[in-house]
Amino acid sequence: MKARTFWLVFAHEARVLIADRTLPLVLTLFALLIGYAITNGIVEIRARDAAVASILTKQNERNARNIDQLQRINAGIETPAPFSNAADPANVGGGLGGRFAYVPTSALAPMAFGQSDMIPNYYQVTYRSRVNFMYDSEIENPWNLLSGRFDVAFVIVYLLPLFIFAMSYNLLSAEREQGTLRMLLSQPLTLTKLVLAKVSIRAGTILTCAILIPVAALLIFRPETRDAVSLVQLAAWAVLVCAYGLFWFAVAVIANAFSRSSAANALVLVGSWVVLVLIVPVLLNLAVSVASPAPSRTELATQTRLITVDGLRRYQKLFSADYRYSDKPDLLLPKDGRFEVQSRPKAAFMLQRDVEADIQKLLDRFDAQLEGQQSLVDRWGVISPAIIVHEGLAALAGNGSQRYLHFQRQVATFHATWKQFFEPRILESRAMTEADFAAMPTWKWQEETLRRQLSDLSVRAIQILALVLVVAGIGFWRLKKSSAV
Amino acid sequence: MLEALNVSKDFGANRALDKVTLRVKPGEIYCLLGANGAGKTTLINLFLDFIEPTSGEVRINGRKVADDPLSTKRDIAYIPEQVMLYGVLSGIENLKYFAALATGERHSREQLLALLTEAGLPEAAADGRVSTYSKGMRQKVGIAIALAKNAKALLLDEPTSGLDPKAASEFSQLLAKARDRGVAVLTTTHDLFHAKQTGTRIGIMKQGRLVADLSSQDLSHTDLETLYLQHMAA
Ligand SMILES: Nc1ncnc2c1ncn2[C@@H]1O[C@H](COP(=O)(O)OP(=O)(O)OP(=O)(O)O)[C@@H](O)[C@H]1O
Ligand SMILES: [Mg+2]
């Protein structure tokens, strides 16, 4: 009997929402938007994958060419040009052999690609100081980077609440206004059950839409998403979206429980959206940049320049030496495993090494500051469900700030390994061998562990669900006290 | 059996009901008269648990409404002054929904049509959207909903408002039938003639108090009219 009443209301609501065209209209519009967003994402990520693939192809081709050239040099059938010499460790450790360090796109990447747009997803790693390739672009407080592109995360975080409002701003007030509430409550039916059933049909339809369309699109058009790990991530994604949707339904219940007019409800709901989705994130940004100011880029640039000038002075003699290639072309060829690295490239290497060492403190401060900002955002993001969920969705899509920091750390490690490999060869003038090419450090991306991702996510899910419980709790508590007349 | 025992209801400083005691036994039609704002609807709302009494208690078949409103609501059917329905659905669809809520059972189309006909709504109108109905037609759907519930008690708040004379008299016959089945009926009305015609008991309310509680048999039409006007003037 109890369950039956619930389903009666549920089915009846469906009939009314279809008859008055609310459901078809809202769902069609929402399906179009989220369908467009996921299409956008799939296309975008395909392009990004293709870009990385083509870079890697080029890198492999160049590597093969280098090895080829080295073989010909060693066989004595080629005299290389001065600055593209595969036998010269300074050449290979620099631009000629530099390897690309890149973040692969995650399986769920098309769900949220807004942020990755503004952060490089690959660097060419050479012996040049990191300050010259990693810190030369503007990096801001991570939350700043999250907005701006029409991706699924944007539709969920920003637009879904509005669609939820369109369906439920007059959840109860309409029944009150049109007088049907008296008719309903004269039957054995509680206000709580009535509201639960009314929320269920609405949440059921729009959240199914919000989850099914992107997930189905990914499963069909992005085969990477079909493995076990991705399926777990998709499930976690769905949980997060559901929790977020339920939060806004709970807000609608509160509005309906406290106020009696649909117009007032609409106003209150849009107001809560403006505050929680638009204003609080901006304020949080402001607060974070005041509490933990972004390090000055000008300072970094100035310091780099000073250190560089210093180094130039230190290695002045080496830099001003001649290349001697024109009168001694033999210098371009290795002899008995030795290749005499000229003083200029040697100086260039040492300069970059020194710059790196001297600027390290500043870079560390930069990184610490960035991580500090991130942890502030993580801690205080709780005040807005929009922040919690957007960060969570970006993380699941592999475009979150944590994975980005993870990438930066790996690049730093790889960069250090790369320099370690070349330093003795350049400074001791050892010629590159075929064995060296095989032993050269290669970039291997270490993915974040799923466990780490999930533990981060469950924290977010718990935060959201706690919010849902609090808000819905207040709403239903108030409903119990409100009357039919 | 409907019982209000020494019931008062305050809305802020405004006392809408003042120590009202009233009983409607099975097989009785109790007609409640009184000026606008006398407290008639407030009394009915108490039986429906729409509001809670400030003091005193309201019982249906011996059970306090406040204790278990869900179960007391199973025993009563209610027709408000304005039966409000879902405009985008047809009369029969509205009836189907409310009848199912009321009884927990599904009704066949034939059963629903029979109920509508009994309530006086022509079969041809049953499938029209309620938004196109007149007030009286909606009222008839409300009557059909009450019929479907087959309840032990009826709470009627000016149920015939908007009904044409023929429909109103048919409704009186329905009430008489219900009375004969042993249903307890509490109805408010402004129609003295109708009250005398159908009521077995008549109560007169004034400013929240029940100032007269009479048996209909003991009165003639003119008696009732005089009495009513006397009370109003006092
Ligand atoms: N929800 C409410 N809040 C505040 N006051 C109310 C409420 N409902 C009724 N009242 C007040 O209680 C008094 C009785 O109203 P009620 O509706 O019971 O009168 P009534 O006898 O049904 O009148 P009518 O013949 O016009 O239907 C009135 O003074 C009214 O203003
Ligand atoms: Mg009234």
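Everything numeric in this text was worked out from a predicted model, so none of it was measured.
The shortest side-chain heavy-atom distance between A:L181 and B:M84 does not fall under the 4.5 Å cut-off. Inter-residue side-chain proximity for A:M183 and B:N94 is flagged as unmet; no heavy-atom pair is nearer than 4.5 Å. Considering only heavy atoms from C-beta on, B:K73 comes within 4.5 Å of A:L185 through its side chain. Side-chain contact between B:K149 and A:Q187 is present, with at least one heavy-atom pair separated by less than 4.5 Å.
The most heavy-atom pairs under 4.5 Å with chain B, out of A:R182, A:H12, A:Q178, come from A:H12.
Smallest separation of non-hydrogen atoms from B:G104 and A:R4: O-NE, 3.1 Å. Taking both residues in full, the closest heavy atoms of A:S186 and B:Y78 are given as CB-CD2, 3.6 Å, listed atom of the first, atom of the second, then distance. The minimum heavy-atom distance between A:L8 and B:L101, with the atom names listed, is CD1-N, 3.8 Å.
Within a 6.0 Å sphere centred on CZ of B:R106, heavy atoms belonging to other residues, nucleotides or ligands number 12 at most. When the shell of 6.0 Å around NZ of B:K206 is examined, it contains more than 12 heavy atoms from other residues, nucleotides or ligands. Atom OH of A:Y36 is surrounded by 12 or fewer heavy atoms from other residues, nucleotides or ligands within 6.0 Å. The number of heavy atoms from other shown groups lying within 6.0 Å of NZ (B:K96) does not exceed 12. Remark: B:K135 NZ is packed, more than 12 non-hydrogen atoms of other residues, nucleotides or ligands lying under 6.0 Å away. Within 6.0 Å of CZ in B:R15 there are more than 12 heavy atoms belonging to other residues, nucleotides or ligands. The environment of A:R478 atom CZ is dense: over 12 non-hydrogen atoms of other residues, nucleotides or ligands sit within 6.0 angstrom. For CZ of A:F258, the number of neighbouring non-hydrogen atoms (other residues, nucleotides, ligands) closer than 6.0 Å is greater than 12.
Interface residue B:R129: only side-chain heavy atoms are found under 4.5 Å from chain A. With a 4.5 Å cut-off on non-hydrogen atoms, B:L85 touches chain A through its backbone and its side chain both. Proximity to chain B involves both the backbone and the side chain of A:L184, based on heavy atoms less than 4.5 angstrom apart. Proximity to chain A is absent for every atom of B:L155, based on heavy atoms less than 4.5 angstrom apart.
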*Take B:Y86 and A:E175 through the side chain to side chain contact (heavy atoms under 4.5 Å, CB included) test and state the conclusion after the steps.*
CA-CA 9 Å; B:Y86 296 93; A:E175 303 268 13; 2.7 Å; yes

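Here the CG atom belonging to B:D49 is positioned 11.0 Å from the OG1 atom belonging to A:T190, to the nearest 0.5 angstrom.
Between the side chains of B:Y97 and A:R15, no donor-acceptor pair is found at a separation under 3.5 Å.
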